[in-house]
There are 2 protein chains.
Amino acid sequence: MSEGHTGVTAATPAEPIVSCAEECGVRDVQDRLGDRWTVHVVVELAAGPRRFKELQRLVDGVSQRMLTFTLRRLERDGLVRREVFPTTPPQVEYSLTATGHSMTHLIKQLVDWSLDHRAAITRSREEWDARHPA
Amino acid sequence: MSEGHTGVTAATPAEPIVSCAEECGVRDVQDRLGDRWTVHVVVELAAGPRRFKELQRLVDGVSQRMLTFTLRRLERDGLVRREVFPTTPPQVEYSLTATGHSMTHLIKQLVDWSLDHRAAITRSREEWDARHPA
DNA sequence: CGGCATCCGTACAGATACTG
DNA sequence: CAGTATCTGTACGGATGCCG
(Lines give C-alpha, C1' and ligand atoms only; values in the text may rest on other atoms or scores of the structure.)
Protein backbone atom coordinates (compact mmCIF):
# COMPACT_ATOMS: atom_id res chain seq x y z
CA MET A 1 0.00 0.00 0.00
CA SER A 2 2.87 2.31 0.73
CA GLU A 3 3.41 4.16 -2.49
CA GLY A 4 6.44 5.73 -1.01
CA HIS A 5 9.18 4.38 -3.21
CA THR A 6 7.73 5.56 -6.46
CA GLY A 7 6.55 9.06 -6.93
CA VAL A 8 3.80 7.78 -9.14
CA THR A 9 2.90 10.18 -11.84
CA ALA A 10 -0.41 11.50 -10.72
CA ALA A 11 -0.46 13.65 -13.81
CA THR A 12 -1.41 11.94 -17.02
CA PRO A 13 1.22 11.66 -19.71
CA ALA A 14 -1.56 11.04 -22.21
CA GLU A 15 0.89 9.81 -24.76
CA PRO A 16 -0.59 7.16 -27.02
CA ILE A 17 1.97 4.56 -27.92
CA VAL A 18 0.15 2.82 -30.68
CA SER A 19 -2.54 3.80 -33.09
CA CYS A 20 -5.53 1.68 -33.91
CA ALA A 21 -4.03 0.57 -37.17
CA GLU A 22 -0.84 -0.51 -35.51
CA GLU A 23 -2.61 -2.69 -33.02
CA CYS A 24 -3.74 -5.03 -35.73
CA GLY A 25 -0.28 -6.45 -36.20
CA VAL A 26 0.44 -6.84 -32.52
CA ARG A 27 -1.61 -9.95 -32.01
CA ASP A 28 0.43 -11.95 -34.50
CA VAL A 29 3.61 -11.37 -32.58
CA GLN A 30 2.01 -11.50 -29.20
CA ASP A 31 0.58 -14.90 -29.91
CA ARG A 32 4.07 -16.20 -30.49
CA LEU A 33 5.61 -14.46 -27.52
CA GLY A 34 2.76 -15.57 -25.39
CA ASP A 35 3.44 -19.14 -26.24
CA ARG A 36 5.12 -20.88 -23.40
CA TRP A 37 8.10 -22.22 -25.31
CA THR A 38 8.72 -19.98 -28.29
CA VAL A 39 10.85 -17.49 -26.42
CA HIS A 40 12.99 -20.17 -24.85
CA VAL A 41 13.55 -21.94 -28.15
CA VAL A 42 14.52 -18.71 -29.86
CA VAL A 43 16.88 -17.93 -27.02
CA GLU A 44 18.63 -21.25 -27.43
CA LEU A 45 18.78 -20.96 -31.18
CA ALA A 46 20.21 -17.47 -30.88
CA ALA A 47 23.42 -19.05 -29.65
CA GLY A 48 23.69 -21.18 -32.77
CA PRO A 49 22.11 -24.06 -34.72
CA ARG A 50 20.74 -26.87 -32.67
CA ARG A 51 19.45 -30.36 -33.27
CA PHE A 52 16.11 -31.54 -32.05
CA LYS A 53 17.23 -33.58 -29.09
CA GLU A 54 19.73 -30.91 -28.24
CA LEU A 55 16.97 -28.34 -28.02
CA GLN A 56 14.85 -30.61 -25.93
CA ARG A 57 17.67 -30.93 -23.44
CA LEU A 58 18.42 -27.20 -23.44
CA VAL A 59 14.85 -26.06 -23.05
CA ASP A 60 14.10 -27.48 -19.68
CA GLY A 61 10.73 -29.04 -19.22
CA VAL A 62 9.58 -28.98 -22.81
CA SER A 63 7.92 -32.12 -24.09
CA GLN A 64 8.62 -33.60 -27.46
CA ARG A 65 5.16 -32.67 -28.60
CA MET A 66 5.43 -29.03 -27.61
CA LEU A 67 8.91 -28.66 -29.02
CA THR A 68 7.72 -29.99 -32.36
CA PHE A 69 4.72 -27.69 -32.29
CA THR A 70 6.82 -24.68 -31.43
CA LEU A 71 9.42 -25.39 -34.08
CA ARG A 72 6.77 -26.01 -36.72
CA ARG A 73 5.09 -22.75 -35.95
CA LEU A 74 8.36 -20.84 -36.01
CA GLU A 75 9.24 -22.49 -39.27
CA ARG A 76 5.88 -21.58 -40.73
CA ASP A 77 6.40 -17.98 -39.70
CA GLY A 78 9.80 -17.95 -41.35
CA LEU A 79 11.68 -17.40 -38.12
CA VAL A 80 13.37 -20.77 -38.03
CA ARG A 81 15.01 -22.77 -40.79
CA ARG A 82 14.91 -26.55 -40.74
CA GLU A 83 17.64 -28.52 -42.48
CA VAL A 84 17.56 -32.27 -42.86
CA PHE A 85 20.76 -34.25 -43.35
CA PRO A 86 20.04 -37.70 -44.80
CA THR A 87 22.45 -39.49 -42.54
CA THR A 88 22.05 -42.45 -40.24
CA PRO A 89 20.72 -41.80 -37.78
CA PRO A 90 18.79 -38.91 -39.30
CA GLN A 91 19.99 -35.48 -38.31
CA VAL A 92 17.85 -32.37 -38.34
CA GLU A 93 19.26 -29.00 -37.60
CA TYR A 94 17.30 -25.92 -36.60
CA SER A 95 18.60 -22.40 -36.90
CA LEU A 96 17.28 -18.88 -36.85
CA THR A 97 16.60 -17.05 -40.08
CA ALA A 98 17.37 -13.37 -40.49
CA THR A 99 13.90 -12.54 -39.26
CA GLY A 100 14.36 -14.90 -36.37
CA HIS A 101 17.57 -13.19 -35.39
CA SER A 102 15.89 -9.82 -35.44
CA MET A 103 13.42 -11.17 -32.93
CA THR A 104 16.36 -11.72 -30.64
CA HIS A 105 16.55 -8.00 -29.95
CA LEU A 106 12.93 -7.99 -28.96
CA ILE A 107 13.48 -10.76 -26.49
CA LYS A 108 16.50 -8.94 -25.13
CA GLN A 109 14.27 -5.98 -24.36
CA LEU A 110 11.89 -8.34 -22.67
CA VAL A 111 14.56 -9.83 -20.50
CA ASP A 112 16.06 -6.46 -19.62
CA TRP A 113 12.72 -5.06 -18.56
CA SER A 114 11.98 -8.17 -16.60
CA LEU A 115 15.23 -7.93 -14.71
CA ASP A 116 14.72 -4.26 -13.99
CA HIS A 117 11.28 -4.68 -12.51
CA ARG A 118 11.11 -8.21 -11.29
CA ALA A 119 11.84 -7.31 -7.68
CA ALA A 120 9.25 -4.54 -7.64
CA ILE A 121 6.64 -6.77 -9.20
CA THR A 122 7.30 -9.57 -6.78
CA ARG A 123 7.04 -7.24 -3.83
CA SER A 124 3.87 -5.67 -5.15
CA ARG A 125 2.42 -9.09 -5.55
CA GLU A 126 3.21 -10.09 -2.00
CA GLU A 127 1.73 -6.86 -0.66
CA TRP A 128 -1.40 -7.37 -2.69
CA ASP A 129 -1.77 -10.93 -1.50
CA ALA A 130 -1.35 -9.82 2.08
CA ARG A 131 -4.05 -7.20 1.64
CA HIS A 132 -6.41 -9.69 0.06
CA PRO A 133 -7.00 -12.61 2.40
CA ALA A 134 -8.54 -15.71 0.85
CA MET B 1 27.23 -24.38 -25.00
CA SER B 2 29.74 -26.63 -26.75
CA GLU B 3 30.59 -25.09 -30.05
CA GLY B 4 31.26 -27.13 -33.12
CA HIS B 5 29.82 -30.22 -31.56
CA THR B 6 27.88 -31.03 -34.65
CA GLY B 7 30.59 -30.09 -37.04
CA VAL B 8 28.18 -27.90 -38.90
CA THR B 9 29.38 -24.39 -38.35
CA ALA B 10 27.22 -21.94 -40.13
CA ALA B 11 27.83 -18.23 -40.16
CA THR B 12 25.89 -17.64 -37.00
CA PRO B 13 26.53 -14.85 -34.56
CA ALA B 14 26.56 -17.37 -31.75
CA GLU B 15 25.82 -14.60 -29.34
CA PRO B 16 23.89 -15.77 -26.32
CA ILE B 17 21.31 -13.20 -25.42
CA VAL B 18 20.38 -14.42 -22.02
CA SER B 19 22.11 -16.40 -19.37
CA CYS B 20 20.50 -19.16 -17.40
CA ALA B 21 20.01 -16.92 -14.41
CA GLU B 22 18.36 -14.26 -16.48
CA GLU B 23 15.87 -16.64 -17.94
CA CYS B 24 14.28 -17.19 -14.60
CA GLY B 25 12.77 -13.74 -14.54
CA VAL B 26 11.54 -13.88 -18.10
CA ARG B 27 8.56 -16.06 -17.42
CA ASP B 28 7.02 -13.58 -15.02
CA VAL B 29 6.89 -10.93 -17.68
CA GLN B 30 6.15 -13.29 -20.49
CA ASP B 31 3.12 -14.60 -18.68
CA ARG B 32 1.71 -11.10 -18.61
CA LEU B 33 2.60 -10.26 -22.18
CA GLY B 34 1.35 -13.59 -23.31
CA ASP B 35 -2.02 -12.88 -21.83
CA ARG B 36 -4.47 -12.03 -24.53
CA TRP B 37 -5.70 -8.74 -23.08
CA THR B 38 -2.92 -7.31 -20.94
CA VAL B 39 -1.11 -5.64 -23.79
CA HIS B 40 -4.26 -4.08 -25.15
CA VAL B 41 -5.30 -2.77 -21.76
CA VAL B 42 -1.89 -1.28 -21.12
CA VAL B 43 -1.97 0.32 -24.53
CA GLU B 44 -5.28 1.99 -23.79
CA LEU B 45 -4.18 3.10 -20.34
CA ALA B 46 -0.99 4.52 -21.77
CA ALA B 47 -3.10 7.25 -23.32
CA GLY B 48 -4.52 8.20 -19.96
CA PRO B 49 -6.73 7.05 -17.08
CA ARG B 50 -9.82 5.14 -18.05
CA ARG B 51 -12.93 3.91 -16.35
CA PHE B 52 -14.05 0.32 -16.43
CA LYS B 53 -16.77 0.62 -19.03
CA GLU B 54 -14.58 2.91 -21.04
CA LEU B 55 -11.87 0.28 -21.20
CA GLN B 56 -14.35 -2.37 -22.14
CA ARG B 57 -15.46 -0.29 -25.09
CA LEU B 58 -11.92 0.55 -26.13
CA VAL B 59 -10.56 -2.97 -25.90
CA ASP B 60 -12.62 -4.61 -28.57
CA GLY B 61 -13.93 -8.04 -27.79
CA VAL B 62 -12.98 -8.26 -24.15
CA SER B 63 -15.55 -9.59 -21.74
CA GLN B 64 -16.22 -8.15 -18.29
CA ARG B 65 -14.76 -11.17 -16.71
CA MET B 66 -11.53 -11.01 -18.64
CA LEU B 67 -11.18 -7.27 -18.23
CA THR B 68 -11.65 -7.60 -14.50
CA PHE B 69 -9.19 -10.44 -14.41
CA THR B 70 -6.61 -8.56 -16.42
CA LEU B 71 -6.95 -5.40 -14.37
CA ARG B 72 -6.73 -7.30 -11.11
CA ARG B 73 -3.57 -9.00 -12.22
CA LEU B 74 -2.02 -5.77 -13.39
CA GLU B 75 -2.99 -4.15 -10.13
CA ARG B 76 -1.45 -6.99 -8.19
CA ASP B 77 1.77 -6.63 -10.12
CA GLY B 78 1.82 -2.92 -9.38
CA LEU B 79 1.47 -1.91 -13.00
CA VAL B 80 -1.98 -0.44 -12.67
CA ARG B 81 -3.48 1.76 -9.98
CA ARG B 82 -7.16 1.55 -9.12
CA GLU B 83 -8.93 4.57 -7.68
CA VAL B 84 -12.47 4.46 -6.43
CA PHE B 85 -14.57 7.60 -6.25
CA PRO B 86 -17.54 7.14 -3.90
CA THR B 87 -19.99 8.85 -6.17
CA THR B 88 -23.32 7.80 -7.56
CA PRO B 89 -23.12 5.96 -9.73
CA PRO B 90 -19.81 4.54 -8.52
CA GLN B 91 -16.82 5.56 -10.54
CA VAL B 92 -13.60 3.62 -10.72
CA GLU B 93 -10.60 4.91 -12.55
CA TYR B 94 -7.67 2.85 -13.73
CA SER B 95 -4.30 4.30 -14.58
CA LEU B 96 -0.75 3.13 -15.13
CA THR B 97 1.79 3.34 -12.35
CA ALA B 98 5.40 4.29 -13.01
CA THR B 99 6.25 0.66 -13.55
CA GLY B 100 3.27 0.30 -15.84
CA HIS B 101 4.44 3.23 -17.90
CA SER B 102 7.88 1.72 -18.25
CA MET B 103 6.23 -1.32 -19.72
CA THR B 104 4.95 0.94 -22.43
CA HIS B 105 8.39 1.08 -24.01
CA LEU B 106 8.50 -2.67 -24.11
CA ILE B 107 5.20 -2.83 -25.91
CA LYS B 108 6.40 -0.17 -28.30
CA GLN B 109 9.29 -2.44 -29.24
CA LEU B 110 6.82 -5.23 -29.71
CA VAL B 111 4.63 -3.19 -32.00
CA ASP B 112 7.56 -1.86 -33.99
CA TRP B 113 8.95 -5.30 -34.58
CA SER B 114 5.56 -6.60 -35.49
CA LEU B 115 5.04 -3.87 -38.05
CA ASP B 116 8.48 -4.43 -39.54
CA HIS B 117 8.03 -8.14 -40.05
CA ARG B 118 4.33 -8.69 -40.30
CA ALA B 119 4.28 -8.80 -44.08
CA ALA B 120 7.18 -11.23 -44.22
CA ILE B 121 5.62 -13.48 -41.63
CA THR B 122 2.27 -13.49 -43.36
CA ARG B 123 3.86 -14.36 -46.68
CA SER B 124 5.97 -17.09 -45.12
CA ARG B 125 2.88 -18.51 -43.56
CA GLU B 126 1.00 -18.62 -46.83
CA GLU B 127 3.92 -20.28 -48.58
CA TRP B 128 4.19 -22.86 -45.84
CA ASP B 129 0.50 -23.58 -45.98
CA ALA B 130 0.70 -24.01 -49.73
CA ARG B 131 3.53 -26.48 -49.35
CA HIS B 132 1.67 -28.43 -46.72
CA PRO B 133 -1.68 -29.71 -47.97
CA ALA B 134 -4.18 -30.38 -45.20
C1' DC C 1 17.32 -39.79 -33.94
C1' DG C 2 13.30 -37.19 -35.33
C1' DG C 3 8.79 -37.14 -35.58
C1' DC C 4 3.48 -37.92 -35.66
C1' DA C 5 -0.96 -39.77 -33.49
C1' DT C 6 -3.78 -40.52 -29.56
C1' DC C 7 -5.63 -39.98 -25.01
C1' DC C 8 -6.54 -37.11 -21.23
C1' DG C 9 -6.32 -33.60 -17.47
C1' DT C 10 -6.22 -28.72 -16.63
C1' DA C 11 -6.34 -23.94 -17.09
C1' DC C 12 -8.05 -20.47 -19.83
C1' DA C 13 -11.73 -17.71 -21.76
C1' DG C 14 -16.74 -16.60 -23.12
C1' DA C 15 -21.65 -16.05 -21.98
C1' DT C 16 -24.97 -15.39 -18.59
C1' DA C 17 -27.10 -14.02 -14.38
C1' DC C 18 -26.97 -11.60 -10.15
C1' DT C 19 -25.27 -7.98 -6.45
C1' DG C 20 -23.79 -3.33 -4.39
C1' DC D 1 -21.60 1.74 -13.24
C1' DA D 2 -18.63 -1.75 -11.45
C1' DG D 3 -18.14 -5.61 -10.37
C1' DT D 4 -18.82 -11.11 -8.56
C1' DA D 5 -20.33 -15.98 -9.30
C1' DT D 6 -21.35 -20.00 -11.98
C1' DC D 7 -21.50 -22.89 -15.89
C1' DT D 8 -19.37 -24.52 -19.94
C1' DG D 9 -16.58 -25.11 -24.15
C1' DT D 10 -12.04 -25.01 -25.97
C1' DA D 11 -7.36 -25.00 -26.58
C1' DC D 12 -3.16 -25.83 -24.29
C1' DG D 13 0.11 -28.99 -22.60
C1' DG D 14 1.92 -33.58 -20.77
C1' DA D 15 2.44 -38.74 -21.21
C1' DT D 16 2.49 -42.57 -24.01
C1' DG D 17 3.00 -45.46 -28.07
C1' DC D 18 4.31 -46.21 -32.88
C1' DC D 19 6.76 -45.30 -37.26
C1' DG D 20 10.52 -43.88 -40.77
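Since this is a predicted model, take the numbers as computed values, not measurements. As a basis for the values below, the full set of heavy atoms in this structure was taken, side chains included, without hydrogen atoms, waters or symmetry mates. Note on naming: letters A, B, ... go to the chains in the order of the sequence lines (proteins, then strands), and numbering restarts at 1 for each one.
- Between A:Arg36 atom CZ and C:dT10 atom P the separation is 15 Å, expressed in whole Å.
- Distances shorter than 4.0 Å separate none of the side-chain N or O atoms of B:Arg65 from OP1 or OP2 on D:dT6.
- Each of A:Pro90 and A:Arg72 was assigned the nucleotide of DNA chain C with the nearest heavy atom; the assignment lying further toward the 5' end belongs to A:Pro90.
- The nucleotide whose nearest atom lies closest to any side-chain atom of B:Lys53 is, among C:dG3, D:dC1, D:dG13, D:dC1.
- In terms of heavy-atom proximity, A:Ala46 sits nearest to A:Thr104 at CB-OG1, 3.8 Å.
- Regarding contacts with the backbone of D:dG3, a side-chain N or O of B:Tyr94 is found under 4.0 angstrom from either OP1 or OP2.
- An OP1 or OP2 oxygen of D:dA2 is reached within less than 4.0 angstrom by no side-chain nitrogen or oxygen of B:Arg82.
- Geometrically, B:Arg65 engages B:Phe69 in a cation-pi contact defined by less than 6.0 Å to the ring centre and at most 45° from the axis.
- Of all nucleotides listed (D:dG13, C:dG14, C:dC1), C:dC1 comes nearest to the side chain of A:Pro89.
- At whole-Å resolution of the value, CD in B:Glu54 and C1' in D:dG3 are 17 Å apart.
- The two residues B:Val80 and B:Thr97 make their nearest non-hydrogen contact at C-CG2, 3.8 Å.
- In this structure, B:Leu67 places its CG atom 14 Å from C1' of C:dG14, rounding to the nearest Å.
- Going from atom CZ of B:Phe69 over to atom P of C:dC12 covers 8 Å, rounded to whole Å.
- Of the candidate nucleotides D:dG3, D:dG14, D:dC1, D:dG3 has the atom lying nearest to any side-chain atom of B:Thr68.
- In this structure, A:Leu55 atom CG and C:dC1 atom P are separated by 14 Å, rounded to whole Å.
- Candidate nucleotides C:dC4, D:dA2, C:dC1 were compared by shortest atom distance to the side chain of B:Val92, and D:dA2 ranks first.
- The cluster map of Ile, Leu, Val, Met, Phe, Trp and Tyr, joined by side-chain heavy atoms under 4.5 Å apart, puts B:Trp128 and A:Tyr94 in different clusters.
- For a distance-only test at 3.5 Å, the side chain of A:Gln91 fails to qualify as a donor-acceptor partner of the base of C:dG2.
- Atoms CD (A:Gln64) and C1' (D:dG20) sit 14 Å apart, rounded to a whole Å.
- Rounded to a whole Å, the CZ atom of B:Phe52 is 11 Å from the P atom of D:dC1.
- An OP1 or OP2 oxygen of C:dC1 is reached within less than 4.0 angstrom by no side-chain nitrogen or oxygen of A:Arg51.
- Mapping B:Leu71 and A:Ser63 onto DNA chain D by nearest heavy atom places B:Leu71 at the nucleotide closer to the 5' end.
- For A:Asp35 and C:dA11, the CG to P distance is 18 Å, given to the nearest whole Å.
- Here the side chain of A:Met66 is nearest to one of C:dG3, D:dG13, D:dG3, namely D:dG13.
- A side-chain N or O of A:Thr68 and one of A:Gln64 form a donor-acceptor pair less than 3.5 Å apart.
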